[in-house]
Each structure stands twice: as C-alpha cells, then as structure tokens.
Amino acid sequence: MEVFGATLTDLAARRAIYSPQRTAFVDFQGGKRFEYSYRHFDERASRLAGFLNEVGVGPGDRVGILADNGIEHLECCFASWKVGAIHVPLNWRSSASELLHLLQITTPKVIIIQERFKDLLHRASTALKSSQKMRILTIGGSKEYEYDAIIAGTSVIPPRAVTVKTNPRDTAVILFTGGTTGRPKAVCISHENIAWNTLNTTIHDLEEDDRFLNVLPLFHTGGLLVYTVPLFILGGTTVLLRSFDAHVTLKKLDEEKITVFLSVPTIYRLLLECADWGRAKLNHLRFCTSGGAALPLDLIRRYEEEKGVCFKQGFGMTEFGPGVFALSPQDAQRKAGSIGRPNFFVQVRIDNEGRECKAGQEGELFLQGPSCCSGYFTPESGRFEAVDENGWFHTGDIAVHDEEGFYYIVGRKKDMYISGGENVYPHEIEDIALGYEGVRYCAVIGLPDKQWGEAGHLALVPENLTKNFDIDGLLDWLRQRLAHYKVPRQIHVLPSLPLSAAGKVMKQELKRKLWEMQTDADGENY
C-alpha cells in the first residue's frame, strides 16, 4: 500500500499557496543578501521548468547542475521535479576524469553550470560520446547568460500546466556516495524516500518556524536532504552560504537568527578555533546537529559550557534516510560515541553471518524502511537493487547496541584489516587516539606487512600549537587501552588528511599516500 500517493512535482507550487509571503531561502552572492519568498521562488523554478519542458526534458530525464551552493541549486531541483525529471547535483570538487565518470553514468540531457566551472566541464565532456552531448545553460550573474535570462523572464508556467505522470517510487534525485573507499555510486532517491525522510525529520528535529544555516554542499545528501528539503516542505527558512568560512558562519548564526545548524566535527572544531569564537553569539540556536563521524566529547562540553549550545547527533547515509539514528541532547554526554536510537520509521538489525546479534555483540548494521533508496543508477538498465531478498539494506558498518537500545558504530567492514589472524576495526583505535592530548584529527588504515599480513598505520594531524608531537606518548596511551595486536605499527604526523565533501577521511587516498611514504622511507617511523 502506498502511504504517500503524491510525488514532489508540485511541491513548490503547493508551498507557494500555503505560505506565499514567508521566506523560503536567503542566499548571499557577491557580498549581497537576496531573500526569496515561497511565491517568488516558485515563479523562478516555474520559468526554468517551462524552458526544460520546451527543450524536451520529461519524466526520467536527468538535469545536472555544476555550481556552488546557491539558489540555482534549489531552482534546478524543484524545476526538474515540476517536469518529472531527475535532479543530478554534481561535485564541483571533482577532477575532470572523476566528473566524466559521473556524466557517463547519469547522461544528463541538460546541465546547468556556473561560469567558473566551464573549463572543468569542457575537459570532462570532450571524452563523452556524441550521443551523450548535453544542452548547457550557463549561470553568470547577469541576463547576458542564458540561465539568468530564463529566470528573469516573464514567462511563468502556472501550477500543473506541465502534465507529467510520475509514481511515488520514481527517482527524484540521483546523489553520489562519498567514494571514501572506491568510486562513487549513483544512488536513486525516490519521491517516496524523501517524503518518509521528511516525516522522520519533523518527528525528531524540525519545526515550521526554524531557520537553518546550510554550509554543507548541496551536491551531498547532508546539504540537500537532511534539513533543506524537509524544512521547505514544513514552510521554514534555509539560509545558504556559498562556501564555508568560520568567521562568516559565526556572524550569520547570529544575524540570521539561526535556530538549527548542521555540520561535521571538522567544521565544529574550525568554528571553535576561529578568532571570533569568544565574542560569537549563538543564543538563537535550539540545537546543533553533527554527523559524518563521531563528535569528540571535548567539543560537546566546550560548546555547552562556553555558548550554551546543545548537540543532537545522529547517523545517516546517502542510500538511506539520510536520517537513520538520532541521539538527543540529553544523552549526548551520557552516551558519548553513540549514534543514538533508530528514527521512528526505521527498522534495524545487527547481523553476524545470518544470526541476529544481542546486546554487546558486534555485527553488520542492516536497515529496513520506506526511506531506503530505490537502488543504484546505471545508464544501461536504469537501476539495480540495493537491498537483499528480505528487504534489508546492508550498510557495511560494523555496529553494536547496548541494553538500553543505543547503537554504536565499531568500524567499516571494508576498512577492517587482518593482523596476525585477528580482525581489527580502525574506528575503535581512532576513537581512543582522539582522546590523547594534541591529536586534532586521525585515521587508521591497514598496510601489507611481511610478518603480520597487514599492520595498522595511524595518520594524525596535531593541534595547531603542538610542536614535536609525542609519538611515544601516544603509543603508550594506545597500549594501555587496546589489545596489543590493535596498536598501530607506525604513527605518521601529517599536516592534513584527505577529506571528502562530507568531512570524512578518503581512506583509499590516504592508503596510497602512506604506502608511498612507507616505500620511500623503508619502514621508518614519521
């Protein structure tokens, strides 16, 4: 039975009817502030939808966008839905070869591109087959550019003027996985998935008067689907920053009276280290949400003690939700390190070789529920399934739950390495290493080892003021808290770690880097 019988095709038009004068989005561009009411935004999206309809874009076609965070991303998204097309936000941080891979998978009929990314697109698209050529609309900030001229035009399609037949299970958005352990996969997010995630989000987090400051990229599920689209459905306001800057972010949290903020631990630490932190006013915030990785306890305490800010933590992924687990502020310190409990319409199983694990037993985290993606997109067959024969999505995360029903991520199945016949999960080691004074960020990977098969290598970035980092001290700290086979063979002090758009360590890239360092140095410590 379909609980959500409607699709998102007329979502902007409906919101424009319910709350035409309320502010949907605030966008900053060229030092100026632009505010868009729901009615104004719907008109802009309708103009773009009219153009897409005229050039033959219809149900199932893909519309790509390569642009920084701004109103154009949302216009592309909602205009695509108006004509039944699929919104495909592309990662502008990609290399030309990586972008080519994304284009070859999704084959967009139209691509909207910011002027400054045209060279990147040109280098990527020259290798495309002639059958994959795209209609390109350039954003330039003036009516001299085709995209800007369309948005500024007078032709507005009225609600429902474009008649499309869509099903709640049709794909609304294609998002790419982070690619931290391999090439990104194209995830099909259906209209139904978004509706159920919105319901979960409103139950646990959002209110219609909330104001959300978005600093996460809109080509990522964290930027687009965690709060931005659900808050639009509720009638709240999203404030867009085109790029992250700690000084600007702290300023806008106060000036824009932001009530909800979402980011990753890396950004929360950068805000804390910003010179403006001491005088920053965060008194409008109801809560902050952290995802992507475990939030260190010292950050939770400092935000609460110095600014009175409480944290909600959670767990989500591109393929599911993205809202899957939530940890309330009341439990943030008591259950530090936990991802919380499952959201309302999410079923969870911890599985070990077909057996369901009890409290305290480790296994792979399986998920089931209507906010699961509908599969992975391929140009040949459309999509292939993401769930097993029993409807469970296999996350690849190793997890455990306690007697109170709080869940913890132990590690990634793919990150696991085997040292001397023992399974080692890097996440456990990383959590303990982060508790050592002077460790800012860290990651553990396994590298080939003649004696043990594989051995652990810990790469870390020290705190800014830390000089001559005490590697021996950290090793002693780890030896006191870990079984001997889990203690990394080597520790590498680096100026930075390779991070994805979601703030996660790109472990394949780190592994290549450490392997090269290991080979060059003949196994010496760094």
Side-chain angles (χ1 to χ4, degrees), residues 22-37 40-41 44 65-78 89-93 112-117 139-141 175 205-206 210-232 236-277 279-292 303 307 309 311 322 499-504:
R22 293 191 69 169
T23 302
F25 299 109
V26 175
D27 183 24
F28 292 89
Q29 185 176 9
K32 295 182 180 179
R33 182 183 187 275
F34 297 88
E35 191 167 313
Y36 303 90
S37 69
H40 187 198
F41 175 78
R44 291 168 65 94
I65 182 167
L66 190 66
D68 60 21
N69 273 22
I71 195 66
E72 299 88 0
H73 256 278
L74 285 313
E75 289 164 352
C76 177
C77 179
F78 286 86
L90 298 164
N91 185 346
W92 51 264
R93 295 173 178 169
I112 297 166
I113 182 166
Q114 208 163 357
E115 172 71 23
R116 68 190 184 98
F117 299 124
I139 305 165
L175 294 174
D205 289 345
L206 294 180
D210 274 326
R211 294 176 64 84
F212 165 52
L213 180 65
N214 185 23
V215 300
L216 297 178
L218 285 165
F219 58 72
H220 183 264
T221 189
L224 184 64
L225 296 181
V226 173
Y227 288 148
T228 302
V229 170
L231 190 54
F232 184 95
T237 300
T238 294
V239 179
L240 302 168
L241 290 186
R242 295 198 167 230
S243 61
F244 172 73
D245 178 277
H247 166 76
V248 174
T249 299
L250 289 173
K251 185 179 180 182
K252 297 306 177 189
L253 285 168
D254 179 41
E255 290 181 348
E256 295 293 332
K257 296 180 172 57
I258 299 301
T259 62
V260 176
F261 184 64
L262 161 72
S263 202
V264 296
T266 304
I267 286 181
Y268 283 116
R269 191 170 290 281
L270 289 172
L271 293 175
L272 194 64
E273 294 170 352
C274 178
D276 297 327
W277 171 256
R279 57 180 174 272
K281 297 179 181 178
L282 308 180
N283 49 302
H284 297 290
L285 282 168
R286 290 201 297 117
F287 62 85
C288 287
T289 299
S290 181
Y303 270 78
K307 298 298 178 183
V309 171
F311 273 98
L499 299 177
S500 71
K504 296 181 181 180

Mind checking whether [X] and [Y] have side chains closer than 4.5 Å, heavy atoms only?
X	Y	value
D276	K251	no
L250	L282	yes
F219	L66	no
R269	T266	no
N69	S243	no
L285	I258	yes
F261	V239	no
T238	L74	no

Do you know the tightest heavy-atom contact between [X] and [Y]?
X	Y	value
H284	L253	CD2-O, 4.4 Å
S263	Y268	N-OH, 3.4 Å
F28	E256	CZ-OE2, 3.4 Å
Q114	D68	OE1-N, 2.8 Å
V229	L225	CG2-CD2, 4.0 Å
D27	Y36	CB-CE1, 4.0 Å

side-chain contact (heavy atoms from CB on, under 4.5 Å), that's the test. Do F34 and F25 meet it? Break it down for me.
CA-CA 8 Å; F34 297 88; F25 299 109; over 6 Å; no
To the nearest 0.5 Å, how far apart are CG in D254 and OG1 in T249?
13.0 Å
CG on L240 to CD1 on I71, rounded to 0.5 Å
6.0 Å
After noting the C-alpha distance and the side-chain angles of K307 and W277, does the key distance pass the side-chain contact (heavy atoms from CB on, under 4.5 Å) rule?
CA-CA 9 Å; K307 298 298 178 183; W277 171 256; 3.4 Å; yes
Going by an N to O cut-off under 4.0 Å, is there a salt bridge joining E72 and R242?
yes
Should E255 and R33 count as an ion pair when the cut-off is N to O under 4.0 Å?
no
Pair Y227-N214, side-chain donor/acceptor within less than 3.5 Å
no
